[in-house]
Amino acid sequence: MKLPIRYNIRNVIVRWRSTLATIIGVALVVAVYILIQSLAAGLEKSGRNTGDPRNLMIVRKGSTAESSSQVNRMQLQTIQYLPQIARDADGKPLISADLVVLVSLPRREGAGEANVTMRGISPKGAELRPQVRLVEGRWFTPGKREAVVSTKMAQRFANTEVGGVFKTGGQELRVVGLFDGGDTAFDSEIWMDADEARSLFDRENYSSALVRMTSPEAAAEFVKRLESDKRLPLRVDPEIAYYSEQTRTSKMFQVIGMFLAVSMSIGAFFAAMNTMYASVGARTREIGTLRVLGFRRRTILLSFIVEGAILAGIGGVIGCAVSFALQSLSVALGWQFGTMSFNTFSEVVFQFRITPQLAVQGLIFAVLVGVVGSLFPAIRASRLPVIAALKVV
Amino acid sequence: MSIGTFIIKNALRNKRRATLSILSVAVSLFLLVFLLVTLRELTLPPEDVGAALRVAVRNKISIANLLPAKQLPAIERVPGVEAVTPFTWYGGRYQNEEGMTFAQFAMDARKLRSVFGEAKMSQPEYEAFETIKDSCIIGKVTAEKYKLKIGDRLTLDSTVYPCTLTFRIVGIYAGTTDDRNMLFHQEYLDDACDNAGWVGMWWLRVSTPDDMPRVIAAVNKAFENTSAEVRAESERAFQLSFISMLGNVRVLIGSISSVVVFTLILVSASTMSMAVRERFRELAILKAIGFRRRELFAFILAESFGLAMAGLLLGAGGAWLLFTNGKIFAAICFGITAIIVGSSVMTIVRRHYSSGVTGLLVAALVARIGLWAFQNPTISKMTNGFFITFEVTPKIVGIAAIVAAGLGIISSIAPAFSVARMSVVSGLKTLD
């Protein structure tokens with residue numbers, strides 16, 4: 001006969017004084033695990049979100065970042081009239097030659113500077129990136145020293161609000177609009193006119209080119225055409241693939257999250273073990289009584305393991321709740337995090353993004369701590385000799 | 001029996017609980033020390049001996065923008081400047097390796113000794129590096145990691161320049177805080193990669209530290225309103241600018257971690273006070289035979305304080321050993337493994353199978369940690385070169401000690417109060 005689960009639940013509640021600390025401990029382990037992993041998820045999501053499935057991205061072979069890539073004008077000439085490229089209503093090819101330059105800008109709170117990705121786009125550049133929407137002001141006028149900034153970067157860097165003027169390359173740039181990148185990598189960028197950027201930064205070449213294909217078949221043909229041309233040392237990737245590969249920074253967060261979770265759960269594991277041992281010790285007589293009533297050893301073993309799992313499970317649920325609460329709080333208050341991306345060497349902004357998967361992982365983590373932590377106390381409980389147990393005063 | 005033995009016997013009479021309490025305190029304090037050191041390393045990176053005399057000059061737009069090579073004579077003319085070398089990031093990838101490997105920079109080989117004097121090599125190595133155009137030198141750490149030696153060839157694909165270069169290793173240097181970089185000739189880069197006229201940065205050495213502010217101002221001024229304005233700064237300021245780039249993630253991790261450590265400590269405190277709560281009846285007896293409240297409080301305090309200090313010794317001491325001398329840490333781990341294995345075998349012989357097996361499992365875990373520490377005896381090996389030094393400073397040990405002491409006191413307060421308040425009769429009646 002099994003012991004009812006209610007018995008375990010009531011036990012956990014009745015001894016709240018000794019179980020509370022363990023529950024809090026497990027809850028925190030779970031919350032920290034979920035939060036740090038959700039930062040990695042947020043970073044990855046913004047990478048994976050980026051790009052239009054119809055677009056191809058062209059960079060120099062061997063370059064690992066757009067800012068160190070070069071596409072010269074001769075190469076562009078060759079590319080831009082290829083028939084696979086889609087055209088707009090006026091018959092102009094949908095291609096944007098971009099210049100990507102890292103500029104060092106002062107932070108808003110006055111705490112040092114950081115590299116920011118400045119992207120000079122050609123007239124078709126915004127049209128090719130439908131994820132980006134203007135939310136304030138207007139787009140820059142080609143040929144003028146004007147820039148539009150992502151709303152997220154505008155919160156982080158000085159003088160990047162609409163009407164603000166910031167200095168780079170010895171020249172002043174006026175911010176005329178703010179855009180929303182829709183949780184993509186473009187949220188970490190500042191845009192201006194490509195040719196204006198080339199003159200401002202004294203660059204002859206562009207960094208990359210983005211092209212819209214007429215169809216997936218055309219895209220395959222286009223890739224073949226470019227790769228077979230030995231005169232073009234270029235690499236072509238689907239735009240989405242190009243950005244989703246940039247995950248080096250999120251790996252770092254995953255490692256940190258894992259390390260903290262493992263070392264903290266060792267601490268929580270000791271605490272759970274102690275609580276369960278104390279619980280077994282205090283209930284010696286009760287266990288003896290159960291045995292006399294006819295409950296078997298393995299029933300008692302199972303029952304204690306279930307109790308440990310419930311104990312830690314409650315902690316896990318609280319931990320999940322805490323992390324979700326923190327996420328909503330961060331959304332409500334508009335918190336965002338920024339760090340240097342190891343791929344682009346410039347600031348990326350991102351938010352917590354708790355996925356259901358992470359929450360489930362956190363819960364499993366918690367229950368595991370509970371089960372393992374209660375295993376030995378449970379074995380001890382199941383092995384208590386009946387007579388001795390009953391004799392304990 | 002003296003009072004001291006009484007306290008020790010009390011603390012140890014439930015050996016399992018004492019061990020678990022000490023271990024959970026130790027884990028918390030280990031984590032605390034680890035996080036404090038990490039934050040310290042992130043905010044204060046190690047400094048080279050020659051740093052006080054070095055100035056870094058980068059493009060004002062950002063470090064990723066190049067500088068024209070023709071700036072050299074204008075910098076050399078600045079009074080107080082002793083030597084100038086270009087310093088150009090090559091961004092080479094070694095054997096298709098992903099992620100962090102080692103950095104390579106193109107420079108003026110003849111200026112190595114004057115600008116980066118702490119990179120020590122033998123005289124023939126210096127001479128070979130200075131004269132052979134396609135030569136390179138590598139740091140000792142990199143040489144060991146990839147088993148490279150003098151005379152080897154090294155081929156690197158650049159992610160920055162459209163070329164692949166092959167170098168001859170002519171020297172292996174040591175003596176900087178981070179002996180990992182590879183240095184080669186700027187001229188080789190210029191010729192082989194068709195890169196005439198551009199360098200990544202300038203590094204210069206000034207005659208005296210007093211010249212530093214003046215030189216920095218003069219270099220900045222020299223290129224004002226040109227197409228390539230520069231930002232000259234001391235090596236320290238240059239390093240700190242990287243830290244600013246890490247952004248507020250540092251603060252985030254710091255705050256999450258401190259909350260965590262705080263809570264783990266509360267958990268351990270509660271476990272420790274549990275031990276006292278279970279002993280109510282006994283304390284009531286002590287009260288009945290005439291011990292005062294003060295004395296009972298002293299007993300409880302001494303016990304929990306002792307447990308906390310044992311945790312401190314294990315946690316902070318373990319962290320210190322692990323970060324400074326992995327080999328000794330490993331040796332201690334193996335010693336503990338041996339002891340646990342011995343006692344577990346004895347337990348199994350006495351037919352306490354479950355505790356015996358637990359012991360063996362714990363022993364295996366300790367041995368595994370020891371093995372890992374043995375294979376990665378330095379912090380740069382453990383973190384794959386992310387941290388070069390990982391110094392457990394006296395201040396950090398002090399913080400850990402204060403936390404442990406606080407933990408010992410806090411965890412004795414609650415039970416001490418209830419003991420003080422309880423009447424002897426009700427104490428005697430307590431069942432568990």
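Letters A, B, ... mirror the listed sequences (proteins, then strands); counts begin at 1.
Heavy atoms closer than 4.5 Å to chain B are found in the side chain of A:Phe259, but not in its backbone. For A:Val103, the parts lying under 4.5 angstrom from a heavy atom of chain B are both the backbone and the side chain. Heavy-atom distances place the side chain of A:Asp202, and not its backbone, under 4.5 Å from chain B. Residue A:Ser67: no heavy atom, backbone or side chain, is found under 4.5 Å from chain B. Heavy atoms of B:Ser227 lying under 4.5 Å from chain A belong exclusively to its side chain. Proximity to chain A is absent for every atom of B:Thr226, based on heavy atoms less than 4.5 angstrom apart. Interface remark: A:Gln336 contributes backbone atoms only to the contact with chain B (heavy atom separation under 4.5 Å).
Rounded to the nearest 0.5 Å, atoms CD (B:Glu229) and NZ (A:Lys167) are 6.0 Å apart. Atom OG1 of A:Thr168 and atom NZ of B:Lys60 lie 9.0 Å apart (nearest 0.5 Å). Residue A:Asn274 holds its CG atom at 6.5 Å from OG of B:Ser24, rounded to the nearest 0.5 Å. Put simply, CZ on A:Phe376 and CG on B:Leu20 are 11.0 Å apart, with the number rounded to the nearest 0.5 Å.
Counting heavy-atom pairs under 4.5 Å between each of B:Asn225, B:Thr164, B:Ile61 and chain A puts B:Ile61 at the top. For the set B:Ala64, B:Ser158, B:Pro162, B:Ala228, the entry with the most heavy-atom pairs within less than 4.5 Å of chain A is B:Pro162. With chain B as the partner, the residue from A:Met273, A:Glu347, A:Arg107 showing the most heavy-atom pairs under 4.5 Å is A:Arg107. For chain B, the option among A:Ala27, A:Gly62, A:Gly169, A:Ala114 with the highest count of heavy-atom pairs below 4.5 Å is A:Gly62.
Heavy-atom neighbours of B:Phe417 CZ from other residues, nucleotides or ligands within 6.0 Å: at or below the threshold of 12. Within 6.0 Å of CD on B:Glu224 lie more than 12 heavy atoms contributed by other residues, nucleotides or ligands. Enclosure of atom CZ in A:Arg380 is not indicated, since only 12 or fewer non-hydrogen atoms of other residues, nucleotides or ligands lie within 6.0 angstrom.
Between the A:Arg60 side chain and the B:Val160 main chain, a donor and an acceptor come within less than 3.5 Å of each other. For A:Ser68 (side chain) and B:Thr159 (main-chain N/O), a donor-acceptor pair under 3.5 Å exists by modelled atom type. Judged purely by atom type and a 3.5 angstrom limit, B:Asn65 uses its side chain to pair as donor or acceptor with the backbone of A:Leu102.
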(request) Decide side chain to side chain contact (heavy atoms under 4.5 Å, CB included) for B:Val27 and A:Phe269; before the verdict, give the C-alpha distance in whole Å, the side-chain angles of both, and the deciding distance to 0.1 Å. (result) CA-CA 11 Å; B:Val27 169; A:Phe269 164 75; over 6 Å; no
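A 4.5 Å side-chain heavy-atom check between A:Phe270 and B:Thr19 finds every atom pair outside the cut-off. Taking the side chain as every heavy atom from C-beta outward, A:Lys61 and B:Asp157 never approach each other to under 4.5 Å.
Pairing each heavy atom of A:Ser104 with each of B:Ser62, the nearest pair is N-CB, 3.5 Å.
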